[in-house]
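Accompanying notes for the structure given below.
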Amino acid sequence: MSEHAVEAHSGGHDAGHARKVAMWVFLGSECLFFGTLIATFLLYRGRTGDGPAASDVFDIPFTSVSSFILLMSSLTMVLAHHAASRRDRRTMRIWLIATALLGTVFLAGQVFEFTEFVEHGLTVTTSPFASSFYLLTGLHGAHVAVGVLMLLVTAFMSFGGRYRDDEGMNVEIVGLYWHFVDIVWIVIFTVVYLLQV
Amino acid sequence: MAVTTDTAASVDSVVRPRGLWGWLTTTDHKRIGILYGVTAIAFGVVGGTEALLIRLQLATPNGEILSADAYNQMFTMHGTTMVFLVVMPAAAAFTNYFLPILLGARDVAFPRLNALSYWVFVFGGLFLTLTFFLGGAPDGGWFGYAPLSTQVPEVVRMDYWALGLIVLGLASVLSSVNFITTVLTMRAPGMTLMRMPVFAWMATVVSFLLLFSLPMITVGLFQVFMDRNLGTTFYDAAMGGEPILWQHLFWLFGHPEVYVLILPAMGIVSEVLPTFSRKPLFGRSFVIFSGMAIGFMGFGVWAHHMFTAGLGPVAEAAFGLTTMFIAVPTGVKIFNWLGTIWGGSLRLNTAMLFSLGFIFLFVIGGLSGVTHSIVPSDAQQHDTYYVVAHFHYVLFGGAVFGIFSGVYYWWPKVTGRLLDERLGKWHFWLMFVGMNFTFGPMHVLGLNGMPRRTYRYPEGLGFDMWNMMATVGAFTIATAVLVFLANWWRTRTRGEIAGPDPWDGRTLEWSIPSPPPEHNFDIIPTVVAEDDFWHRKYVEDDSGNPVAREAPVESPVSTEPIHLPSPSYHPVLAAFGIFVTAIGAVYLPWGLLAVGTGAVITMWGLFGWSMESLTRREHE
């Protein structure tokens, strides 16, 4: 969503800077979004009804591994940004695609996990616990998917050789989003999986 | 006078389509502002008609005009329409049109994002309004309380409501991000935050309120939609769900939303009163800081809507107190406005009358609001017409009067012509009298025990006369609106030519021609003071009275080329895709086809969007 017009419009103001500010502002909104989802989960996590409880279905070692993979993607994201700031576009592309791959692996893990849970009898309709679990983790997954898309688009757009000036900024902005999604996962993983009361 | 000639600067010659296509593809914040305004008026006619039907039904005991079912749809859609499709977009119209000009900028930070949020809003509004023809409009109240909103899943009405609000919320988040970024990055040199006009400040606070409150209701709306369509159990008490959670999520958004509706009007009044009192705004920084205080505190009072839900004494005491406290910054503002008028040389034209009417009516609405913060008293008033009276004094007497003040104040800037003053005064007095006749009696009705949302009442309960008065008042308001529309139509061609500065204004928008050129400013102004334009025209003599400068400060002439955003059809395309997706989502599972189609259209729009700026860059 590059805004070419800004640059010309703001009388010397930096268009990339405006886009970075916008991403920060948007992520502020996202904090409230995930905060509300997490609050709902906290309210409902004990309300399992006749359905399985968290301890019956969660496979903590498995989710730990996929969480680790997601967190590693923040590292590759940093490397991509670093390469972009060096104007090393080849390395940048490699790390961007690596980040997208790690994100995809995480998503695949989530899909696998969900099918396992459903086999154990935990569907969205089972209990308020199940409903809020799937809404929270599902919407986080949707954010990861959007992030993967953004990473791939950024990587492939750099092939054309266009966007020369903005490229570093694009990577930085996608990076902001990606790191945010990762950080939120740390909170979700802790609250949902690790803190079993 | 500042620069008035277009020849001073060379504007790049982007080809701009004319006619309908021009409006569909525009990225000019001023045209988008006009679109918002016209759309708000159109939806206002819809919402107003719903109100008139409600009042006709209640005019006499045992009303026969609407069935209970139709009545439920009417009051649900009246509330939803007036809040989301009339007052919010009307305020957005002013913000879009004037925020960049007030900041001394050529456009908002992201012109195409601005267009996208407008089109998403329009399609969201259409989506909600079309439901009247698609098997009935939403009927669960504008507050959508679970389980009213989650039961009867075979009827799609509340699906429209939940999805429509998600779509409208998306539009608001997009424009909030845009406005905040504009304020943070696009201010003219010298335009410090504290030199920003109060309207710009209030628009900023509103953007933050929307940014932080909409996510919460969005989560709630997802939950309602999933309960209805996927069989989740968020609000199913039998399964351990908690309907009270919905109330919390709704009012965590819904109360800040009240300030979203009123703060722009407060900003407008803070611009109008100084201009027509010929005095600077009294205690300007207090007006700004109290606006910020209202913004913060708006998030801490939501549970006063839930006093009768059984939250327990501690919560009720806490929220009663915070609710009383939030009256303090509001009162601060009232005194600032009175201080502004005090000793000023007033010009009582229509814009000023609407601002004075705003103060009068808003004080009444504010005081009845304080009575709700007293929990035992609230328990009596809850769900009666007293509440209806209160929030209409705030939202009609407050927000709508403020908006009309802005309409009369800024109309000459937007159209180049003045609205007729004689018709304007008719408009004001009819609306002022009609408003008091409509909502004044509702206080009595409420205290007499007439419940809200009831479609019919028996004779002899002491409701008859007051209801008749209210209905007469409602039609008086409708007449006032007709007078306004007539005024608009009449002055379209015959109105007096306004000139750049008809009111002897104080802020930057009056330094440019009316209507403004597409690039707003030939040269970006450098700001040296609050009310910068005023200080370019006047100096103070020894006793502090303004004296006109002999030679107004001239702006330097620039020959730098000016780039304007190109028109683009991608925003409207992407918004249309969202509309198709939403329609499909109501009719799951076979609607999945439409969901897919809509998603493809949206992606197509967004992809074209990002490619567009690439190709343009290549040209350079």
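Quick note on labels: first sequence line is chain A, next is B, and so on, each numbered from 1.
Chosen from B:Leu211, B:Leu184, B:Thr27, B:Val177, the residue pairing most often with chain A at heavy-atom distances under 4.5 Å is B:Leu211. Heavy-atom pairs under 4.5 Å with chain A peak, among B:Leu245, B:Thr218, B:Leu249, at B:Leu245. Interface remark: of the candidates B:Val219, B:Leu230, B:Asp236, B:Val219 forms the most heavy-atom pairs closer than 4.5 Å to chain A.
The CD atom of B:Glu242 sits 11.0 Å away from the OG1 atom of A:Thr40 when rounded to the nearest 0.5 Å. Taking OG1 from B:Thr181 and CZ from A:Arg19, the interatomic distance works out to 11.5 Å, rounded to the nearest 0.5 Å. For the atom pair A:Tyr134 OH and B:Thr232 OG1, the distance stands at 13.0 Å (nearest 0.5 Å). Here the straight-line distance linking atom CZ of B:Phe212 with atom CZ of A:Phe33 works out to 15.0 Å at 0.5 Å rounding. Put simply, OG on A:Ser131 and CG on B:Asp227 are 6.5 Å apart, with the number rounded to the nearest 0.5 Å.
Only the backbone of A:Ser127 comes within contact range of chain B, with heavy atoms under 4.5 Å apart. The contact between A:Thr126 and chain B is made entirely by backbone atoms, counting heavy-atom distances below 4.5 Å.
Atom CZ of B:Phe607 sits in a sparse spot, with 12 or fewer heavy atoms from other residues, nucleotides or ligands closer than 6.0 Å.
Using a 4.5 Å cut-off between non-hydrogen atoms, no part of residues 203-210 of chain B approaches chain A.
Looking only at distances, no side-chain donor or acceptor of A:Thr125 sits under 3.5 Å from a matching main-chain atom of B:Gly231.
A:Val21 pairs with exactly one of B:Thr182, B:Thr185, B:Val183 by the side-chain contact (heavy atoms from CB on, under 4.5 Å) rule, that one being B:Thr185. The residue from B:Gln223, B:His248, B:Met216 that alone fulfils the side-chain contact (heavy atoms from CB on, under 4.5 Å) condition with A:Thr36 is B:Met216.
Residues B:Gly240 and A:Pro128 approach most closely at C-CG, 3.5 Å, considering heavy atoms.
Aromatic ring pairs are classed by plane angle as parallel below 30°, tilted from 30° to 60° and perpendicular above 60°; the pair B:Phe234 and A:Tyr44 is tilted.
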